[in-house]
Amino acid sequence: MALKIFNVLGREKQDFQPLTPGRVNMYVCGPTVYDNSHIGHAKTYVNFDMVVRYLRYSGYEVLYVQNITDVGHMLDTGEDRILKKAQQLQAIPMQIVERYARSYYEDMDALGVVRPDISPRASGHIPEQIKMAQTLIDKGHAYVANGSVYFDVTTDDDYGKLSNRRINELEAGSREAVRDEKRNPEDFALWKRAEPEHILRWDSPWGEGFPGWHLECSAMAKKYLGDTFDIHGGGVDNIFPHNESEIAQSECANDAEFARYWMLVGSLTVDGVKMSKSLGNVINIKDALKAYRPEVIRLFMMSAHYSNPVDYSDGALESAAAGWERLYGPVRVARGMLNSAPNTDDGNSFNERLAKAAEDFKAVMDDDFNAPKAVAALQELTREVNTLLNSGTTVGRATLEAIDQTYRTLGGDVLGIIPAADTANSNGQREAGLIELLIDLRKQARKNKNYAESDRIRDELAGLGVVLEDRADGTIWRVS
RNA sequence: GGCGACGUGGCCAAGUGGUAAGGCAAGGCUCUGCAAAAGCCUGAUGCGCCGGUUCAAAUCCGGCCGUCGCCUCCA
């Protein structure tokens, strides 16, 4: 079955046909680095990470570009958010940008988000942006006004095709200062004249200024992916004006189709409402990671289809954590059993079930990356793996390895929710040894029917976050 | 007001014409020295409401109600 993608441009599910067979050129709008990343960013980039991982699993060679916006943009107040932060922290803008770009990578790495192949920064592509603005002026799609350059939306008949907006229905921008400069209220800036106090500024044919917010994505996508490329992604909240303007600029400047498939991910709310600084309900990724392991956060982010919104709450995360424990349980058991598994073909008939799981998984992922359904396929498999591993019958090494491999590939490589191995830090070996010693002492106590002692060991360990589970073939432990 | 998404068992959620996946929570049972984990069983005659099309609709059409997002910076 071929991969299908719901194309927001046209609003229909389509067969995915890359421009070049076997290759996917993909661009995703990245963050503006002026503060720590929050769990809304986590949803967007975990979702696209899942997409990229699956495309690669499917055999595509993917070139994944995701920008870093490090050029300040206007707040309603006319302030630049990076400048504002810089003033707060008494630092220069590029320090702020560097600090939070690093913070972003830290968070993404912690969440297991595979880094993009190229992470271009807006500030490093000023010439490309100036060139594109000039091209648009030359072609009559843009005009200069008081040192700023604006895109004239009336010159683009397609303007609005992504978000289904009609120009005459749009309301004028709210900032008085710019209204006079524009021919049409809906026109947007390609280049802005820098006021004297503006620190982030570059020379241009129109005087000192800085690029408009939308232009960087158009210029950088063109540079690294070409005039036309396969997939453009981002959060739905950017569909207008950002994505819409990208299309307008690029298609008018390049005389070519921009992105062929648009994938937009649903937003994340917290306890039912949108995160915002004013509501004080912004949750940083770093804080979320203190409470939940990354695999749990990833599983939660994929608990609904990527295009749907998701609501973050402690209850929802607890639920995801419980679901994750169930999913990971048999993997842990299988890996433990591998330590003493016989080299026989006992249980090999289970390979058919594993193959079916992989088929089911692929079928639903091919249907517009239906990760929640893919997780369900793993959950159904889990029931049967548990039955096998708890049946008391001998299971040979080959079968255990096949089970491990299935979870490692589908749950690990593609979804990123099954760790490749139990995380062991430098103290891990020693800790494991100590726990094994206590398990052995408890075993002796149980043998002597000294249950008071055996329960004490189990309870004390539980208090330290180590859970013991007695199985027919011995006692295993895990960190709660 | 315009654009868009959505409304499925206690909670989350899949499901685009053929008779309701999966997870969490709950109850019962099995296993266990007791637990934990796991397995089995129970649970929506109904998928916001009202009409319509059809042999057949959660799924298509029309209307209504409600929630959320965007329309200004936002992932």
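So you know, we letter chains A, B, ... as the sequences are listed, proteins then strands, and number each from 1. Computed from a predicted structure; not experimentally measured.
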Looking at [N], I'd like to know if its phosphate oxygens (OP1 or OP2) sit under 4.0 Å from a side-chain N or O belonging to [X].
{"X": "A/Arg326", "N": "B/rG39", "answer": "yes"}
{"X": "A/Asn370", "N": "B/rG15", "answer": "yes"}
{"X": "A/Asn164", "N": "B/rG4", "answer": "yes"}
{"X": "A/Lys274", "N": "B/rC70", "answer": "yes"}

Atom-pair distance ([atom1] on [X]; [atom2] on [N]), nearest Å:
{"X": "A/Phe361", "N": "B/rA14", "atom1": "CZ", "atom2": "P", "value": "16 Å"}
{"X": "A/Glu453", "N": "B/rA35", "atom1": "CD", "atom2": "P", "value": "20 Å"}
{"X": "A/Glu244", "N": "B/rU72", "atom1": "CD", "atom2": "C1'", "value": "16 Å"}
{"X": "A/Asp237", "N": "B/rG4", "atom1": "CG", "atom2": "P", "value": "17 Å"}
{"X": "A/Lys449", "N": "B/rU32", "atom1": "NZ", "atom2": "P", "value": "13 Å"}
{"X": "A/Phe300", "N": "B/rA13", "atom1": "CZ", "atom2": "C1'", "value": "12 Å"}
{"X": "A/Asp459", "N": "B/rC34", "atom1": "CG", "atom2": "P", "value": "16 Å"}
{"X": "A/Arg471", "N": "B/rC31", "atom1": "CZ", "atom2": "C1'", "value": "12 Å"}

Parallel, tilted or perpendicular, as decided by the 30° and 60° cut-offs, for the rings of A/His242 and A/His214:
tilted
Using a cut-off of 4.0 Å on non-hydrogen atoms, how would the nucleic acid contact of [X] be classed: base, sugar-phosphate, or nothing?
{"X": "A/Glu380", "value": "sugar-phosphate"}
{"X": "A/Gly329", "value": "nothing"}
{"X": "A/Arg456", "value": "nothing"}
{"X": "A/Gly30", "value": "sugar-phosphate"}
{"X": "A/Ile476", "value": "nothing"}
{"X": "A/His305", "value": "sugar-phosphate"}
{"X": "A/Ala322", "value": "sugar-phosphate"}
{"X": "A/Leu389", "value": "nothing"}

What's the gap between [N] and [M] when it is taken at their [atom1] atoms, as a whole Å value?
{"N": "B/rU54", "M": "B/rA13", "atom1": "C1'", "result": "29 Å"}
{"N": "B/rG10", "M": "B/rU72", "atom1": "P", "result": "40 Å"}
{"N": "B/rA36", "M": "B/rC24", "atom1": "P", "result": "16 Å"}
{"N": "B/rA21", "M": "B/rG15", "atom1": "C1'", "result": "8 Å"}
{"N": "B/rC55", "M": "B/rC65", "atom1": "P", "result": "32 Å"}
{"N": "B/rU59", "M": "B/rU19", "atom1": "P", "result": "15 Å"}
{"N": "B/rU67", "M": "B/rU8", "atom1": "C1'", "result": "15 Å"}
{"N": "B/rC61", "M": "B/rU16", "atom1": "C1'", "result": "14 Å"}

Any idea which of [options] is nearest the [X] side chain?
{"X": "A/Asn386", "options": "B/rA13, B/rG39, B/rC24", "value": "B/rG39"}
{"X": "A/Lys373", "options": "B/rA21, B/rA38, B/rC34", "value": "B/rA21"}
{"X": "A/Pro31", "options": "B/rA75, B/rG22, B/rG33", "value": "B/rA75"}

From the options A/Asn370, A/Asp15, A/Asp366, select the one residue that forms a side-chain hydrogen bond (donor to acceptor under 3.5 Å, both in side chains) with A/Lys4.
A/Asp15
Which of A/Glu181, A/Glu186, A/Arg183 passes side-chain hydrogen bond (donor to acceptor under 3.5 Å, both in side chains) with A/Tyr150? It is A/Glu181
Just wondering, do A/Thr382 and A/Tyr407 contact through their side chains at under 4.5 Å, heavy atoms?
yes
Check [X] against [Y] and note the closest heavy-atom contact, atom names and distance.
{"X": "A/Leu55", "Y": "A/Phe369", "answer": "CD2-CZ, 4.1 Å"}
{"X": "A/Arg335", "Y": "A/Asp404", "answer": "NE-OD1, 2.7 Å"}
{"X": "A/Ala248", "Y": "A/Asp156", "answer": "CB-OD2, 3.3 Å"}

Tell me whether the side-chain N or O atoms of A/Arg383 pair up with the base of B/rC40 as donor and acceptor below 3.5 Å, since no angle test is needed here.
no
Under 3.5 Å donor-acceptor pair, A/Asp470 side-chain atoms to B/rC34 base atoms
yes
Watson-Crick or G-U wobble partner of B/rU42, both distances under 3.5 Å
B/rA26
Please assess A/Gln66 against A/Tyr64 for the test side chain to side chain donor-acceptor pair (under 3.5 Å), listing each intermediate value before the final yes or no.
CA-CA 7 Å; A/Gln66 184 192 112; A/Tyr64 180 21; 3.0 Å; yes
So, do A/Tyr451 and B/rG33 meet the stacking rule of ring centres under 5.5 Å and planes under 30°?
yes
If you restrict it to nitrogen or oxygen atoms, what contacts under 3.5 Å exist between nucleotides 5-9 of chain B and the protein, and what is each distance?
none

Will you find, in the side chains of A/Tyr224 and A/His125, an N or O donor that is under 3.5 Å from an N or O acceptor?
yes
Check the surroundings of atom CD in A/Gln88: do more than 12 heavy atoms from other residues, nucleotides or ligands lie under 6.0 Å from it?
yes
First of A/Ser454 and A/Thr387 reached from the 5' end of RNA chain B, by closest nucleotide
A/Ser454
